[in-house]
Structure formats: C-alpha cells, structure tokens
Trainee: 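The structure under discussion is supplied below as structure tokens; questions concerning it will follow.
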Amino acid sequence: MVLGILGSGSGSNMQAILDAIDAGTLDARIALVLSDNPHAIILERARGRGIATGVIDCRGFRTKFPEEAQAETAGRLKAAGVELVCLAGFMRLVKRPLLDGYPNRILNIHPALLPAFPGLESWKQALDAGVPETGCTVHFVDEGMDTGPVILQERVPVLPGDTPQSLHARIQVAEHRLYPAAILRIAAGLAPAPSL
Ligand code: GAR
C-alpha cells in the first residue's frame, strides 16, 4: 500500500505510521508528504526519513483549500504513485477535486468520538461539555466536516484535573495506535467504503 500524507503540524501521527511500518506490523510505504505550512515539523520529520516532501500553495488563503491547490495536490499524489491518502493533522477542508482524484481513498484522524465534537480543538470541546470520556476516530473523508464513514474508534477517559493539554496528550497516545490499525484494515480489505 503506497501512502501519501497531508499534515499541517508536528506529524506525530505520521511518525506512528512510520513506526508501524518499521516494526513490520504495517506493510506500506510513505511515498510523499505534503503540507500547507512550509515550516511544519511534519516536513522536517519526513525529510529526516528520506521521504519526498512538498508544500501546498494555498494562494495566501489562511484556512481555505482552493480548488486549484486541490487539483495540484491530487496530481502530485498520483505522480508519486500514492494509493491511499492519510490526513494527519491537516487543518483544511478537503473537497472536490481532491476527493474526485481519490474516491473513498482519503482517511482522516480526528481527536474525538465522531459524530461528537467535530471541528477544531475537539479535546477542549469535550472538556467544556463535561463528558466523562472522549476518544479518537479514523474515518473516510467526504465533503462534510468530519462526517465520513467511521473505520475505527478508541475511547479515552477524561480524568479529574485534566487540562486541554493533558487530555489531548492522552488522546494522541490512542491516535498513534488507531491510525496504523485503521490503515491495516483497509490494506487487508476489511474496511472498504461501500462503493469500492
Ligand atoms: C491530532 O491530534 C489530530 O487528531 C488533530 O490534529 C492533531 C495532529 O497531530 N486533527 C484534527 O483536529 C483535525 N480536525 P500530529 O501533527 O502530531 O499528528
């Protein structure tokens, strides 16, 4: 399974995928890592591993992922031979034409038990809501915000005295187990999208 990763931040989830590949538990290869942030640590991590990287030119938009940039991204992923696209802390909404380039072949990891707490800083949303547990979700990406079919979820307790940072850190420990496991399910044909 040839993977392409899109990320905006530190890339700890990409690192977890690499660790699973190194450990021999995930038979895959990361061919390309792209970021909308030229200074993102995920790019440094990928370069350190000799993985091809690139910056997505979002034409100066702060949060939007313009159509031309989505088409370019699909083209670069295709040229690199990518079969499955993994969003790993990528903070822009994917729409067509990137979705059209990879129908049912784009995954996202989200730091909550979807459909609860979609959007930004879901760990803060969970704390504010006073729920006793939250978690993380790997799902197929569709045109909505954090709405595509769920592949795997893991529960994480909210503990007394949790801060946004401590809760997010606990969720990330679970994320690092969940993302490689979800990719493995897809590679094994266990979690096809309905139309595959
Ligand atoms: C992860 O916690 C991921 O779930 C979250 O960003 C973090 C990226 O961390 N994604 C979202 O909130 C998407 N809505 P990483 O760069 O260390 O993998």
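For ligands, and for the atoms within them, numbers begin at 1 and follow the listed sequence.
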Trainee: Taking atom CG of Asp27 as the centre, does the number of heavy atoms from other residues, nucleotides or ligands within less than 6.0 Å exceed 12?
Mentor: no
Trainee: Can you pull out the closest protein heavy atom to atom 14 (N) of ligand 1? Residue, atom name and distance to 0.1 Å, please.
Mentor: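 So the nearest neighbour among protein heavy atoms is His110 ND1, 3.4 Å.
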Trainee: So, applying side-chain contact (heavy atoms from CB on, under 4.5 Å) with Ile5, which one of Val82, Ile42, Leu34 is it?
Mentor: Ile42
Trainee: Step through the shown structure and confirm whether more than 12 heavy atoms of other residues, nucleotides or ligands are within 6.0 Å of CD on Glu67.
Mentor: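 Incorrect, the count does not exceed 12.
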Trainee: Looking only at protein heavy atoms, which one is nearest to atom 1 (C) of ligand 1, and what is the separation?
Mentor: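 So the nearest neighbour among protein heavy atoms is Glu175 OE1, 3.2 Å.
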Trainee: Does CG in Leu159 sit with more than 12 non-hydrogen atoms of other residues, nucleotides or ligands closer than 6.0 Å?
Mentor: yes
Trainee: Evaluating non-hydrogen atoms only, which member of Arg92, Met14, Gln15, Gln172 is closest to atom 7 (C) of ligand 1?
Mentor: Gln172
Trainee: Using the ring of each side chain (for Trp, its six-membered ring), is Phe90 parallel, tilted or perpendicular to Phe65, with breaks at 30° and 60°?
Mentor: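 If you compare the ring of Phe90 with that of Phe65, the planes turn out perpendicular.
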Trainee: Roughly how far, to the nearest 0.5 Å, is CD1 of Ile106 from CG of Leu98?
Mentor: 4.0 Å
Trainee: Are any of the N/O atoms in Asn13 less than 3.5 Å from those in ligand 1?
Mentor: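 In this structure, Asn13 places an N or O atom under 3.5 Å from an N or O of ligand 1.
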Trainee: Decide if atom CZ of Arg62 counts as having more than 12 heavy atoms of other residues, nucleotides or ligands within a radius under 6.0 Å.
Mentor: no
Trainee: Give a yes/no verdict on whether any heavy atom in Ile109 is under 4.0 Å from an atom of ligand 1.
Mentor: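 Yes.
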Trainee: Around atom 16 (O) of ligand 1, find the nearest protein heavy atom and jot down its residue, atom name and distance.
Mentor: Gly11 N, 2.8 Å
Trainee: What are the atoms of ligand 1, with element, lying closer than 4.0 Å to any heavy atom of Ser10?
Mentor: 15 (P), 16 (O), 17 (O)
Trainee: Where the closest heavy atom to atom 15 (P) of ligand 1 is concerned, which of Pro111, Ser12, Gly89 has it?
Mentor: Ser12
Trainee: Is ligand 1 less than 4.0 angstrom away from at least one heavy atom of Gly7?
Mentor: no
